[in-house]
Every structure is written in C-alpha cells, then in structure tokens.
Amino acid sequence: TLADLAIALEPVRSEPGAVSQLSASAAWGAGGRLSLTGAVRPLGSAGTVEVSATDLDLAPLAPLLERSLAVGLAAGRAGAKVKVSFDGSGRSLRWTLAGDARIEGLAVAERGNEELLRWRALEVSGIDAGSTPPHAAIRLLRLAEPRVKLYVWEDGSSSLARAARAPAASGPPVARSAAGAPGMQWR
C-alpha cells in the first residue's frame, strides 16, 4: 500500500512549452520508498524524470502473478534508480529509460513446493532502452545465489510445467523422482 503521498508541480502555466518541476514521493509498505523528480511540460506531454525506489516489498504484488501462473510470490524486495525521458508531442510516444535495478530475497513457491525459485539478489546495471530507434541493452546482469527446486510429480509433470498453468483444486501432489521414488528432488 502507498502512504504519505506527496505531489508537487510548480510553476504551472498555460503555455504548451512551459516547463514545471515535478516531485512526488510515497511510502510503500513497511520501509519502502518511491520518489520521482524532474522537469516536465505538462501541456506539451514531455519531460525527463528521475525515479528512485528503495526497499519495496514485492509480496503485496503476489495476486498479479497468481492470475496467470500457478505460483505464489512469497518474498522479495526491489529497488531501482532510473532516468526516464518521454515526448508525446509527435505521432507516437518517444521515450528512453536508463539506470539500474535490483531484486533481493526473491522467493517463488508452487503448491506443494515452497521453494520453486529463490535468489539472494538479482542486479541489473546499465539499463539503456528507448523507442526511437527501438533498442534495449544491459551492461551487467548478476544473479547471486540462485536456487531452483524442481520436482517431477506422480503424474509425470514437472514443477515448471505446473507453474505455467492454473492450480488444480485437489491437495498438494506427491513428489517423485524420475525413477519414481517419493520425495526425491532436482536441484
């Protein structure tokens, strides 16, 4: 949930080319913070803003993931520092995005497998993306301490295959190895 929301846009003038300073901030859950600052042309549909997100708890976003996958987001915290430029004054929106992002302590579970996917940190540095010309690049992608726990279930399906479809209404399946021994797991 967002709390302590503060938004300021000043000065506000009626000319299409007039530039205003935008600042916005909000608390996110327990300890998270979002902020946005920059120069925008409110009537000209253009601007450049810097977005900062720190310690955002991802668990409240779990229902969004569960709508399309049979997995649950058990934990995770995110942060980012990005600069976004946009210009909607032409026939199509032009934009650029540059910066860094990080997700720490991610844990994804499936029914019957509480540790389908987990990592200590995912760091994405040097993000450079834009619409004109279309491009996207990442300077560094670092994944620290990844862990995947895959099961082959009694019906022959795998944890990954089950994660891609809606959960069944029955109780948790019994895990089996490829040889059929209960309780064996793939790592």
Decide yes or no for Leu34 and Leu56: does some side-chain heavy atom of the first lie under 4.5 Å from some side-chain heavy atom of the second?
yes

Verify side chain to side chain donor-acceptor pair (under 3.5 Å) between Ser52 and Glu50, making sure each step is shown before the conclusion.
CA-CA 7 Å; Ser52 176; Glu50 292 187 12; over 6 Å; no

For a 4.5 angstrom cut-off between non-hydrogen side-chain atoms, does Leu106 reach Leu122?
no

Please check if Val82 and Leu140 belong to a single hydrophobic cluster, counting links between Ile, Leu, Val, Met, Phe, Trp and Tyr side chain heavy atoms closer than 4.5 Å.
no

Do Val51 and Trp95 share a hydrophobic cluster, counting only Ile, Leu, Val, Met, Phe, Trp and Tyr and linking them when any side-chain heavy atoms are less than 4.5 Å apart?
yes

Side chains of Arg147 and Lys149, heavy atoms from C-beta outward: is any pair under 4.5 Å?
yes

Hey, are the side chains of Leu9 and Pro42 touching, using non-hydrogen atoms and a 4.5 Å cut-off?
yes

Any side-chain heavy-atom pair from Arg94 and Ser89 closer than 4.5 angstrom?
yes

Check step by step if side-chain contact (heavy atoms from CB on, under 4.5 Å) holds for Leu36 and Leu22.
CA-CA 8 Å; Leu36 180 140; Leu22 172 65; 3.2 Å; yes

Assess the residue pair Ser35 and Ser25 against the criterion (side chain to side chain donor-acceptor pair (under 3.5 Å)); give the C-alpha distance rounded to whole Å, side-chain angles, the decisive distance to 0.1 Å, and a yes or no.
CA-CA 4 Å; Ser35 66; Ser25 65; over 6 Å; no

Show the nearest heavy-atom pair for residues Ala18 and Arg13, with the distance to one decimal.
CB-NH2, 3.6 Å

Do the non-hydrogen side-chain atoms of Ile127 and Asp100 ever get within less than 4.5 Å of each other?
no

For Ala27, is there any backbone N or O sitting under 3.5 Å from a side-chain donor or acceptor partner on Asp4?
no

With the side chain counted from C-beta on, respond yes when Arg139 and Asp128 share a heavy-atom pair under 4.5 Å apart, and no when they do not.
no

Quick one: does any side-chain atom of Trp28 pair with a main-chain N or O of Asp57 as donor and acceptor, under 3.5 Å?
yes

I'd like to check Asp87 versus Leu93 (side-chain heavy atoms, cut-off strictly below 4.5 Å). Are they in contact?
no

Using every non-hydrogen atom in the two residues, find where Arg102 and Ala121 come nearest and quote the distance to one decimal.
NH2-CB, 3.4 Å

Among Thr48, Val40, Thr96, Leu97, find the one that has a side chain to side chain contact (heavy atoms under 4.5 Å, CB included) with Phe86.
Val40

